[in-house]
Amino acid sequence: MKKHFIAEMLMALAVIGGEVPYAVAAPPPQMNAPASGQSLYMRLGGYDALVAVTKDFITRLATDPQLGKFFTGLNDTSKARVEDHVIDFLCVATGGPCIYTGQDMKTAHTGLHITEADWNSSAAHLTETLNKFKVPQKEQDEVMAAIGGLKGDIVGR
Ligand code: HEM
């Protein structure tokens, strides 16, 4: 909810100032929603739902015997930063009113050497998370399609 407020304040300031600030990365949800209905972000349940889903997903990755190695060596502040960035990234990617200030996906994952097998286990974890939160199949397919498009930037770098 807080992020909506900040985004709205930035847009309000932009209107007062007569120009769009460079920091506004995504328009408000009603502008970004498909003409036929709500954005994927809204259908997933909005900001609080996205936070809960992302935390569950990251915890699964970080505690997986095969994938945990990627998250060792990050101090608590770095872990919190990554988590915040993943939330904001997914918010923007699903049409939400957030601002993503992290690295692009290629830069963020270059040097990690994430393999195809790592990717497949991560996708399985994401499905478990989405099932846990009872996300309907249509929305699950849309999330997977959005994430699938990032594979080339994340795997084998
Ligand atoms: C499912 C698609 C994925 C998305 C949308 C995603 C998104 C992100 C984002 C937004 C960041 C933060 C970048 C920053 O702080 O500037 C990040 C960092 C990171 N990601 Fe991913 N990621 C994905 C898949 C993966 C996978 C499969 C792994 C490994 C199993 C992984 C491991 C990491 C690690 C270790 C970092 C921290 C890098 C660092 O700051 O040192 N990610 N990811």
Side-chain angles (χ1 to χ4, degrees), residues 3-4 6-7 10 22-75 77-157:
K3 301 245 169 170
H4 291 253
I6 292 167
L10 279 170
Y22 73 91
V24 175
Q30 65 274 18
M31 288 168 64
N32 214 15
S36 57
Q38 287 187 313
S39 63
L40 177 56
Y41 168 82
M42 288 306 285
R43 284 178 283 130
L44 289 171
Y47 189 75
D48 293 350
L50 198 63
V51 169
V53 163
T54 305
K55 286 187 177 203
D56 186 89
F57 176 49
I58 291 182
T59 302
R60 282 173 199 269
L61 295 189
T63 55
D64 178 296
Q66 178 195 338
L67 305 174
K69 64 179 181 215
F70 292 111
F71 301 90
T72 55
L74 295 182
N75 67 18
T77 310
S78 297
K79 280 183 201 151
R81 186 207 66 217
V82 169
E83 191 172 278
D84 283 348
H85 280 169
V86 176
I87 291 165
D88 290 341
F89 184 90
L90 293 176
C91 174
V92 174
T94 53
C98 300
I99 297 161
Y100 177 67
T101 57
Q103 300 168 317
D104 63 82
M105 288 301 93
K106 215 181 261 186
T107 307
H109 299 92
T110 293
L112 295 177
H113 308 295
I114 295 168
T115 66
E116 187 88 25
D118 297 328
W119 175 263
N120 291 339
S121 325
S122 303
H125 281 305
L126 184 54
T127 300
E128 282 175 36
T129 295
L130 296 174
N131 283 338
K132 176 178 165 184
F133 287 91
K134 303 198 185 325
V135 173
Q137 193 58 49
K138 180 176 182 286
E139 279 69 31
Q140 290 205 21
D141 291 346
E142 288 182 44
V143 170
M144 288 304 185
I147 294 223
L150 304 168
K151 186 180 171 188
D153 287 340
I154 293 174
V155 173
R157 306 220 160 251

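Please read all numbers here as calculations on a predicted model, not as lab measurements. These numbers come from the heavy atoms of this one structure, side chains and all, not from hydrogens, waters or symmetry mates.
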Side-chain donor or acceptor of Gln66 paired with backbone N/O of Ser121 under 3.5 Å: no
Starting at NZ of Lys55, measure out to OG1 of Thr129 and round the result to the nearest 0.5 Å. 14.0 Å
Rounded to the nearest 0.5 angstrom, the NZ-CG distance for Lys132 and Asp56 is 4.0 Å
State whether Asp64 and Arg60 are salt-bridged, where the test is any N-O pair (Lys NZ or Arg NE/NH1/NH2 against Asp/Glu carboxylate O) under 4.0 Å. no
Just one of Leu44, Leu130, Asp48, Ile87 clears the side-chain contact (heavy atoms from CB on, under 4.5 Å) bar with Val53, so which one? Leu130
Checking Asn131 side chain against Glu128 main chain: does a donor-acceptor pair fall under 3.5 Å? no
Can you measure from OG1 (Thr94) to CD (Glu142) and round to the nearest 0.5 angstrom? 10.0 Å
NZ/NE/NH1/NH2 to OD/OE distance under 4.0 Å, Glu83 and Lys79: no
What is the minimum heavy-atom distance between Gln38 and Arg43, and which atoms define it? O-NE, 3.0 Å
Could you pull out the closest heavy-atom pair between Thr54 and Leu90, with the gap in Å? OG1-CD1, 3.8 Å
Hey, does Cys98 have a side-chain heavy atom less than 4.5 Å from the side chain of Phe89? no
Review item, side-chain donor-acceptor pairs of residues 147-157, under 3.5 Å, at least two apart:
from   : atom 1 : to     : atom 2 : distance (Å)
Lys151 : NZ     : Glu116 : OE2    : 2.5
Arg157 : NE     : Gly152 : O      : 2.9
Arg157 : NH2    : Gly152 : O      : 3.0

Give, for atom CG of Leu40 and atom SG of Cys91, the distance between the pair rounded to the nearest 0.5 Å. 10.5 Å
Of all heavy-atom pairs linking Tyr41 and Pro97, the shortest is CE2-CD, 3.4 Å
Any chance the rings of His85 and Tyr100 have centres within less than 6.0 Å? yes
Residues forming a salt bridge (charged side-chain N to carboxylate O under 4.0 Å, His left out) with Lys106, sequence neighbours excluded: none
Calculate, to the nearest 0.5 Å, the distance between atoms CG and OG1 belonging to Asp118 and Thr115 respectively. 3.0 Å
Please test Val135 against Val143 for side chain to side chain contact (heavy atoms under 4.5 Å, CB included), starting from the C-alpha separation and ending with a verdict. CA-CA 10 Å; Val135 173; Val143 170; 5.6 Å; no
Nearest 0.5 Å please: distance from the CZ atom of Phe70 over to the CG atom of Leu112. 6.5 Å
What's the verdict on side-chain hydrogen bond (donor to acceptor under 3.5 Å, both in side chains) for Ser78 and Asn75, showing C-alpha distance, side-chain angles and the deciding distance? CA-CA 5 Å; Ser78 297; Asn75 67 18; 2.9 Å; yes
